[in-house]
Structures are given as structure tokens and as C-alpha cells.
Amino acid sequence: DCIELALANNPKIQAAYANVSVVKENKVQTLSNYSPSVSTNTGISRVKPDGTATSYKMKSYTKYLLGEISVSQLVYDFGVTQNQYTINKLEWETSKQNVESVVNSVIRDVKDAYYNLLYAISAKQVREETIEQYELMLKQATAYYEIGTRPKVDVTIAAANLADARANYIEASNAVDLAISKLNNAMGTPFIEPYVVDTSIP
């Protein structure tokens, strides 16, 4: 599921595909040099009449509508266009190979982030179980101290161990949150809704 999300959303993959399209268009544009091109040019001009004219009609401007159409065709350019087309074609092939490389890199990053997340979740579970064990040991040490069979130092040591275990649990919880963020970034979905992680490793 993570790999499918990455293939659909990772910006590195999208950028690689976009680059293929750009390079392909460059190839097509170079090839179009062999086709004839048509250009047009239009304009309007007006001529002011001679100032010696007396009638109103003679004083009006004379307007001219101009138009031009030209056609050009590449005959021979000493192989410049052909060489450029070959370069564009090689760049296109390279860009397609780059897509495959980027996809493989993203898949590798997603797998790495996913298994790091599984490790972080397992470490958090271990820290949680450790807290439960130290809580039980503190209760036992306190009970033994109250009935006078154990010294007070055992209670102090058990309380210190429990405090360390709780601090380690907080650190493990932060590691899980960080691992989730890294996985989301690897998938290209940093703002995805919370999800349940399958911790069963085949």
C-alpha cells in the first residue's frame, strides 16, 4: 500500500515523468524544422492629402491595407538539425531510464522507512512492557519494605528504574512519530490522514 501511494504521489517521480515529456517535445520540435513554415504579416497605412486641397473630401486620409504571406522550407543545413535531433533522442532515452532509476530509488526509500517504522513500533512496545515490569517491581519492593523484609534502598532503586523506563518510553514514542513522518515524506504524502500500520512481518 505504501509503495502504491508513493508511485502515485511522490513528487520525484512526477518530476521525472514531466522531464520525459519536456525532452520528448524538444525532440519533436527539432524534427519540425524539416517541415515548411508559413508566416504572415499585415498592416494598415494612411496617407495625408496635400495641404493645398480645398474640398473636405480631398482633405480626408487615404488608407492602404497591406498583407504579406511567405513560405520557407529547410533544404540543407549541413547536418545541424539531424545532429540536434540525435542529441534530443539520446536525451529522451536517458530521461526514460532516469524515471526507472527514480522509481526504484523511491521504492527503496519507502521500504527502508516502513521497516524502520516497524522497528520503532517494536521498540516502543518493549519500552511499554519494561514500564509494566518496573511498576510491578516497585510494588513488590514497597510491599517488602512495608513488612520489613527489604531495605528502603530497594524501593528507591525500583522507583529510579521506573522513572528511567518512562523516559525511555517517551523517547521511543517520539521515535515512532519521527518514523511515521519519514515514511509519509517517502510516499510523498506528508499530510495524509492517520492510518493503522500492519506490524506483521511475513
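Because only heavy atoms are used, hydrogens play no part in the values below, and waters and symmetry mates are left out as well, while side chains stay in.
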Practice task
Starting from the C-alpha separation in whole Å, work towards a yes-or-no answer on side-chain contact (heavy atoms from CB on, under 4.5 Å) for K111 and I3.
Solution key: CA-CA 8 Å; K111 288 182 177 180; I3 291 175; 3.8 Å; yes
Exercise for the section: Could you grab the distance from atom CD1 of I180 to atom CG of N185, nearest 0.5 Å is fine? Expected result: 12.0 Å
Handout entry: Separation between CG of N9 and CG of N184, rounded to the nearest 0.5 Å
Key = 11.0 Å
Exercise for the section: Would you indicate whether E171, at its atom CD, is surrounded by more than 12 heavy atoms from other residues, nucleotides or ligands within a distance under 6.0 Å? Expected result: no
Exercise for the section: Answer yes or no: is there a donor N or O on one side and an acceptor on the other, between the side chain of N19 and the main chain of A15, under 3.5 Å? Expected result: no
Practice task
In sequence, state the C-alpha distance, the side-chain angles, and the governing distance for Y17 and S21, and then conclude on side-chain contact (heavy atoms from CB on, under 4.5 Å).
Solution key: CA-CA 7 Å; Y17 277 114; S21 299; 5.8 Å; no
Handout entry: Shortest non-hydrogen separation from V23 to N88 and the atoms involved
Key = CG1-O, 3.8 Å
Handout entry: Separation between CG of N161 and OG1 of T156, rounded to the nearest 0.5 Å
Key = 11.0 Å
Practice task
Taking all non-hydrogen atoms of both residues into account, name the closest pair between A186 and A6 and its distance.
Solution key: O-CB, 4.1 Å
Problem - Side chains of E135 and R166 in contact at under 4.5 Å (non-hydrogen atoms) - result: yes
Practice task
Check whether any side-chain heavy atom of T189 lies under 4.5 Å from a side-chain heavy atom of Y195, and answer yes or no.
Solution key: no
Practice task
For A16 and N98, work out which heavy atoms get closest and say how close.
Solution key: CB-ND2, 4.2 Å
Practice task
Apply side-chain contact (heavy atoms from CB on, under 4.5 Å) to T130 and Y169, showing your working.
Solution key: CA-CA 9 Å; T130 302; Y169 176 78; over 6 Å; no
Problem - Whether S105 side chain and V102 backbone form a donor-acceptor pair below 3.5 Å - result: no
Exercise for the section: Count the heavy atoms of every other residue, nucleotide or ligand shown that sit under 6.0 Å from CD1 of I69, and state whether that count exceeds 12. Expected result: no
Problem - Min side-chain heavy-atom separation Y114-V197 under 4.5 Å - result: yes
Exercise for the section: Give a yes or no answer on whether the side chain of S101 reaches the backbone of Q97 with a donor-acceptor pair at less than 3.5 Å. Expected result: no
Exercise for the section: Output yes when a side-chain donor or acceptor of D112 lies under 3.5 Å from a complementary backbone atom of R108, and no otherwise. Expected result: no
Problem - Euclidean distance, M187 CE relative to I192 CD1, rounded to 0.5 Å - result: 4.5 Å
Handout entry: Closest contact, heavy atoms only, A165 versus Y134
Key = CB-CD1, 3.7 Å
Practice task
Using salt bridge (charged side-chain N to carboxylate O under 4.0 Å, His left out) as the criterion, list what pairs up with E129, not counting sequence neighbours.
Solution key: none
Exercise for the section: Mind checking the CG-OH spacing from L183 to Y115? Nearest 0.5 Å is all I need. Expected result: 12.0 Å
Problem - CG/N104: more than 12 non-hydrogen atoms of other groups inside 6.0 Å - result: yes
Fill in the blank from the handout: Value for NZ (K124) from CG (N174), rounded to nearest 0.5 Å, stands at 9.5 Å
Problem - K12 NZ: over 12 foreign heavy atoms closer than 6.0 Å - result: no
